[in-house]
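First comes the structure, then the notes that go with it.
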Amino acid sequence: MCGELREEHIGHEVVLFGWVQNRRDHGGCVFIDLRDREGLVQVMFDPSAAQEAFDLANVMRLEWVVGIRGKVRDRGEMRNPRLATGAVEIVVLEATVFNRSETPPFQIEDNTDTNETKRLEYRYLDLRRNKLQRTITARSDLYKATRDYFFEHGFREIETPFLIRNTPGGARNFLVPCRLNPGTFYALAESPQLYKQLLMVSGFDRYFQIVRCFRDEDLRLDRQPEFTQIDVEMSFINQDALFAIIEGLLFRIFREVARIDLLELYPDGRFPRMRFEESMRRFGNDKPDLRFALEHTDLTSLAVEHDGGGIPLFKAITDIFKNGRYRLDLPKEIVKALLIPSSANLSRTEGDKLEKFARSMGSEGLARAKVGEGGVWTQSPFAKNITPEFREAVNQATNARPGDILCFQFGKEAKVNTVMANLRLHLGKILGYIPEIGHEDQWRFLWIVDPPLFEYSEEEGRYVAAHHAFTRPHDDCVELLDKDPGKVLCHRYDLVLNGFEIGGGSIRLHDPEVQAKVFKALNISDEEAQSKFGFLLKALRLGAPPHGGIALGLDRLTMLVSGSESIRDVIAFPKTQQGNELMTGSPDFASPGQLLELKISSLA
RNA sequence: GGGGCGGUAGUUAAGCUGGUUAUAACGCCGGCCUGUCACGCCGGAGGCCGCGGGUUCGAGUCCCGUCCGCCCCGCCA
């Protein structure tokens, strides 16, 4: 192929098919860069070698599809070191034009600056570009590495339905009307969760599937409405053994897809683990990017000790603790600080920009303090009121030195954490601790373990399952299920890579008695449980082995491993942030006839 | 549902405090050129300034609405 020709091919006669990448017309001779999926090679049309081919070359234009027969020649001094095939060129003996091309809407080149709208509209042209050829190929390599690995480890690949019964909870489903049962709908599977558990009950022991999942939720850089998971479930397994299997898979994928040996980073073959609580405290989320430090400092208990430390806004929070109003079933309020080192040399304007950033995250503001000589605070709304004792305690807790700047957030825990977690990432980028895009061969994996089984829903005023209702609680937490549900930890885990959640799963709950307690804590009645999950509950009573599993986000993983900027770069035909597919124009309105046949009407 | 940024030749952008013929680069078309490789040189064509309304003597520019794209919050494994 074009991109594969090297010095060793000199003298050979070759036949090449490809697209015209570039044309340099010298009047007496014409150079063309011919492109195929492997790369470029320079092709020379010389009338003294082949007059007919030369005449054709004079009319050839960009993106024409041509075939040539010619001889590989040494370019000697004229070699082009910037091209992999630069040592050779083809002298054409015969040429054919298979198809002409209209002038393309944008040029097919590596550094295209055409905006993404245009590129998505002409996706098939964008996919001709070297960069996307590489990421889509990486994705293909990743499928192969995954299948090879699991087959070698005794797994079976089993397909599960896409058209399934609508089950409550979790992500919003896409609905598909069922013509044969008017008025009823299938849901598109948001994951094979229930089916893979049932496969364990069936005795399939080790299951995996590379499977499409559908979720009707708002999109992001790393989220598409249809995406692909590497779905895994195993029986007679514990958390540690499952981690080992998945770690092995990732070592394999990085080796075969990116030629990166993770053993250099993780010599014992294992990834580090961190408890959920610790991650929230230090980083404000459950997917910390460990490529840089810049950790949060939780000042809540310190503020309580100092009775607000003279700062009225803090006192409002600490009073909640003092008055005994603080209750487990109320959203917690906390105080957190983030230290920007003096080396960052942050100007006041830049500080104001950070505040704007915090506000865009839903924060009321971003209080700051510049630490001066002797630990005094300046340029701060707190400088006047803060007691010297509290100031000193904060300086010590955050390890602040003169020149550093402290940023504060306080209020509802969830919001403080969101704002501070995003602020940390933002600072990491603007201070150059991590690149704006890409990963520069820094791969920091982390298992997040032992999260709470329930989380309090302010909307619904009750506890809801943080993952799903079939996650196994820690054995020593079972008695807390009715006493203090918020404190129950469970065997759920997320795998994080450079701040992206690339997978998550749990050891499942297969004990009907504990299951009943969980439903009770969730305030789900027997009837409700039966009507919603009856088939699974029945299966769990008919000889269900202990089991657990995980699902890895194949798109995100491919995005990271291929150094892509967005999940759209690793999906051949992705959708925009509003769920539109710009090439074909989906989604589209249904015709009245279609709706009539399905017995549904549209209100739009 | 909310916040931010953006939409001007085929493409990417410039266009200030409203002003006369809307610039540039690449691409495209024509001509010249046998060693270029971002080839070069000469000439040319190309515009519903996203769309709709408003203010004004006059709108790419100001105001309102709307559509589309990107990033984020909410939402989501």
Base, sugar-phosphate alone, or nothing: which one does [X] contact when heavy atoms must sit under 4.0 Å apart?
X	answer
A/T418	sugar-phosphate
A/G170	sugar-phosphate
A/M78	base
A/E121	nothing
A/E501	base

Query raised in the report: On a whole-Å scale, what distance lies between the C1' atoms belonging to B/rU66 and B/rC28?
Result: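 That atom pair is separated by 34 Å.
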Query raised in the report: With both distances under 3.5 Å as the test, what is the Watson-Crick or G-U wobble partner of B/rC39?
Result: none
At less than 4.0 Å, is any side-chain N or O atom of [X] found next to OP1 or OP2 of [N]? Yes or no.
X	N	value
A/R119	B/rC70	no
A/R75	B/rC37	no
A/N115	B/rC70	no

Query raised in the report: More 5' along RNA chain B: A/K415 or A/Q42, using each one's nearest nucleotide?
Result: A/Q42
Query raised in the report: Between A/L120 and A/L83, which is nearer to the 5' end of RNA chain B once each is assigned its nearest nucleotide?
Result: A/L83
Which residues pass the side-chain contact (heavy atoms from CB on, under 4.5 Å) test with [X], not counting sequence neighbours?
X	result
A/Y124	A/Y122, A/M583
A/F162	A/V211, A/R212, A/F214
A/N80	A/R75, A/R82, A/L83

Query raised in the report: In B/S/- notation, 5' to 3', how is nucleotides 39-44 of chain B contacted by protein heavy atoms closer than 4.0 Å?
Result: B-----
Query raised in the report: Tell me, for nucleotides 2-7 of chain B in 5' to 3' order, what letter each nucleotide earns: B for a base near a protein heavy atom under 4.0 Å, S for only sugar-phosphate near one, - for neither?
Result: -S----
**Report entry** Among B/rC37, B/rU34, B/rU11, the nucleotide that comes nearest once only the side chain of A/P47 is considered
**Finding:** B/rU34
Query raised in the report: Which nucleotide, B/rC26, B/rC71, B/rG10, lies nearest any side-chain atom of A/R568?
Result: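 Looking only at side-chain atoms, A/R568 lies closest to B/rC71.
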Does any residue of [range] have a heavy atom under 4.0 Å from RNA chain B, and if so, which ones, in number order?
range	answer
residues 570-589 of chain A	A/T576, A/Q577, A/Q578, A/N580, A/L582
residues 58-66 of chain A	A/R61, A/L62
residues 445-454 of chain A	none

Requested in this report: Kindly state whether the ring of A/F208 and the ring of A/F150 have centres lying under 6.0 angstrom apart.
Outcome: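 Distance test on ring centres: under 6.0 Å, yes.
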Requested in this report: Compute the centroid of each ring, for A/F31 and then for A/H26, and state whether the two points are separated by less than 6.0 Å.
Outcome: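 Ring centroids of A/F31 and A/H26 are less than 6.0 Å from each other.
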**Report entry** Those residues that, when tested against A/H510, pass ring-ring contact (aromatic ring centres under 6.0 Å, His included) (two or more places apart)
**Finding:**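 Residues passing ring-ring contact (aromatic ring centres under 6.0 Å, His included) with A/H510: none at all.
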Query - Sidechain N-carboxylate O distance under 4.0 Å for A/D569, A/K131 - result: yes
Query - Listed partners of A/R220 passing salt bridge (charged side-chain N to carboxylate O under 4.0 Å, His left out), at least two apart - result: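 Partners of A/R220 under the salt bridge (charged side-chain N to carboxylate O under 4.0 Å, His left out) test: none.
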Query raised in the report: For A/E350, what residues pass the salt bridge (charged side-chain N to carboxylate O under 4.0 Å, His left out) criterion, not counting sequence neighbours?
Result: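 Once residues adjacent in sequence are excluded, A/E350 has no partner under the salt bridge (charged side-chain N to carboxylate O under 4.0 Å, His left out) criterion.
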Query raised in the report: Could you give the CG-to-P distance, from A/L5 to B/rC37, as a whole number of Å?
Result: 22 Å
Query - Atom of A/P574, atom of A/R568 and distance for their closest heavy-atom approach - result: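 Nearest heavy atoms, A/P574 then A/R568: CG-O, 3.6 Å.
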Query raised in the report: So, A/Q409 and A/S363: side-chain donor and acceptor under 3.5 Å apart, yes or no?
Result: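 Yes, because at least one side-chain N or O of A/Q409 sits under 3.5 Å from a partner of the opposite role on A/S363.
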Query raised in the report: With A/R273, which residues qualify under side-chain hydrogen bond (donor to acceptor under 3.5 Å, both in side chains), at least two apart?
Result: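 Applying side-chain hydrogen bond (donor to acceptor under 3.5 Å, both in side chains) to A/R273 gives A/D240.
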Report yes or no: is there a donor-acceptor pair, N or O only, under 3.5 Å between the side chain of [X] and the base of [N]?
X	N	value
A/E77	B/rG35	no
A/R223	B/rC76	yes
A/D218	B/rC75	no

Query raised in the report: Are the ring of A/F106 and the base ring of B/rU11 both nearer than 5.5 Å at their centres and tilted by less than 30°?
Result: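 It does not: the two rings, one from A/F106 and one from B/rU11, miss the stacking criterion.
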